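Everything numeric here is computed off the predicted structure, so don't read it as measured data.
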4 protein chains.
Amino acid sequence: MQFDKNKPIYLQIKREIKERIVRKEIKKELPTVRNLAKEVGVNPNTVARAYRDLERDNITGSRVGKGTWVKGRAYSKLQKEMVEEIVDDFIQSLYSLGLTLKEIKEIVEEIDD
Amino acid sequence: MQFDKNKPIYLQIKREIKERIVRKEIKKELPTVRNLAKEVGVNPNTVARAYRDLERDNITGSRVGKGTWVKGRAYSKLQKEMVEEIVDDFIQSLYSLGLTLKEIKEIVEEIDD
Amino acid sequence: MQFDKNKPIYLQIKREIKERIVRKEIKKELPTVRNLAKEVGVNPNTVARAYRDLERDNITGSRVGKGTWVKGRAYSKLQKEMVEEIVDDFIQSLYSLGLTLKEIKEIVEEIDD
Amino acid sequence: MQFDKNKPIYLQIKREIKERIVRKEIKKELPTVRNLAKEVGVNPNTVARAYRDLERDNITGSRVGKGTWVKGRAYSKLQKEMVEEIVDDFIQSLYSLGLTLKEIKEIVEEIDD
DNA sequence: GTGGTCTAGACCACG
DNA sequence: GTGGTCTAGACCACA
């Protein structure tokens, strides 16, 4: 995995996990701390910190000896929350530049990539 | 001014200035370092650093005793650059969640705020 | 049964058993390891560990083929010990916040739940 | 500072800080991470973790280069929250042993330590 | 084998 | 000088 060196790695891992959950690549069990650490090439502590954050946000649960898993209702909640946040930030950012909602919609309509 | 504590203040000030330029609230003269520092409630050093960055990015020019001003072609360049970056990030973020361009456009169309 | 994830399950089970003894819901015979494991939804090993602890603390006795039982004087001893510990912890915790015994007593008097 | 080896040190530090705030021994500025680490004899990372937790709980704020401080309304909120939690736990624990509110109140009235 | 905690030591950018 | 991040490596108790 490639990391943006300007952002904390543990936050990038956290986001990656959340995206995998929303894309349904992770349905229940998360990789173990050590396995993911090896996979992405970082220290296990760094992955553990991302996992701690996810659990604090009520997205995952864990138990020593049992592993880490996605909580029951996390998927649908996550999907909705993340899309909303991204859209809100987008609108807000363009508002800050003085664009109107009409102009924003026109810009998006013309995207063809 | 409210600052997001996860991002360096000097970068938030820099962005604020750029937004004011794009919104044409600043047309030529920037506030003095001291005045802006007082206005947003931070150390003058922090504002000075933002100003240094803006000059390095060729957006502003300055001379001792003459203050700081927006360079000639900065406005149109800035406007285009910032909008592009915001839109690209937006599309990329939703792609990462598995959405298609069609779905993204539908979401934006339905915004009514 | 609901478990506090910050405490070892076997300790929570141990406590649950002790509470049942003090509440006289268990007078002599303890449930078998397997039955209790099924009842509370954990691995029998975890229950077995709790039972081992109880026996080590001289609260229960067991013999193969005869099951596990509460020892003769355990009830009154347990009752006294547990209440004392809870009360001491309570007083100590409020002392740590700077409250006086008088204030603590007033708080308790006003409870009406 | 003495630590209970059965509980995570960072949680004990967190609690200690909260108690100091409620007792008004800390009014605004917290000790720096490194100073507190030296004072209590643990690794700075351990103190940093406690501080992170406090900030997550909206009790403190911090900035790199500026230090850590108690947030404006944290004191009164903390005082109330901590007392409530301790009292609730106390009542709940004795309920679990089968005591009635009347019995609990009698026990507390008789404390003379 | 699992997550959790802790130490030691390093580096970084902010203010 | 400050908090924040990261690595390396160790130990622990739980399941």
Evaluate whether atom CZ of A:R15 has more than 12 neighbouring non-hydrogen atoms of other residues, nucleotides or ligands under 6.0 angstrom away. no
Atom-to-atom span, CD1 of A:I13 to C1' of F:dC6 - whole angstrom: 11 Å
Criterion side-chain hydrogen bond (donor to acceptor under 3.5 Å, both in side chains) on C:N35 and C:T32, from CA distance to verdict: CA-CA 5 Å; C:N35 281 347; C:T32 65; 3.3 Å; yes
Go through the steps for D:L36 and D:L30 under the test side-chain contact (heavy atoms from CB on, under 4.5 Å), then give the verdict. CA-CA 9 Å; D:L36 184 54; D:L30 271 70; over 6 Å; no
Run through DNA chain F and report every stem of 3 or more consecutive Watson-Crick or G-U pairs, distances under 3.5 Å, ordered by first number. E:1-14 with F:1-14
For C:K38, look at atom NZ and say whether over 12 heavy atoms of other residues, nucleotides or ligands are found less than 6.0 Å away. no
With distance as the sole test, does C:Q12 use its side chain to make a donor-acceptor pair with the main-chain N or O of C:K7 at under 3.5 Å? yes
Indicate every side-chain donor-acceptor pair of residues 71-95 of chain A with a distance under 3.5 Å to a residue at least two apart or in another chain.
| unit_1 | atom_1 | unit_2 | atom_2 | d |
| --- | --- | --- | --- | --- |
| A:K71 | NZ | A:N58 | OD1 | 2.7 |
| A:S93 | OG | A:D89 | O | 2.8 |
| A:Y95 | OH | B:D113 | O | 3.3 |

For C:A50 versus C:Y10, what's the shortest heavy-atom pair and its separation? CB-O, 3.4 Å
Find the distance D:E29:CD to F:dG1:C1' and express it as a whole number of Å. 14 Å
Would you mind reading off the distance between D:W69 atom CH2 and F:dG1 atom C1', rounded to a whole angstrom? 15 Å
With sequence neighbours excluded, residues passing side chain to side chain donor-acceptor pair (under 3.5 Å) with D:E25: D:R23
Whether each nucleotide of nucleotides 8-15 of chain F has a protein heavy atom under 4.0 Å at its base (B), only at its sugar-phosphate (S) or at neither (-) is summarised, 5' to 3', as BB---BBS
Any non-hydrogen side-chain atom of A:L97 less than 4.5 Å from a side-chain atom of B:K18? no
Inter- and intrachain pairs under salt bridge (Lys or Arg N to Asp or Glu O under 4.0 Å), touching residues 50-66 of chain D, at least two apart: B:K5-D:E55, D:K14-D:D53, D:K14-D:D57, D:D53-D:R56
Between atom CG in D:L36 and atom P in F:dG3, what is the gap in whole Å? 10 Å
Of A:T32 and D:G41, the one whose closest nucleotide on DNA chain E sits nearer the 5' end is A:T32
Other residues, nucleotides and ligands only: do more than 12 of their heavy atoms fall within 6.0 Å of NZ on A:K27? no
Give the residues of residues 51-62 of chain A touching DNA chain F, defined as any heavy atom closer than 4.0 Å, sorted by residue number. none
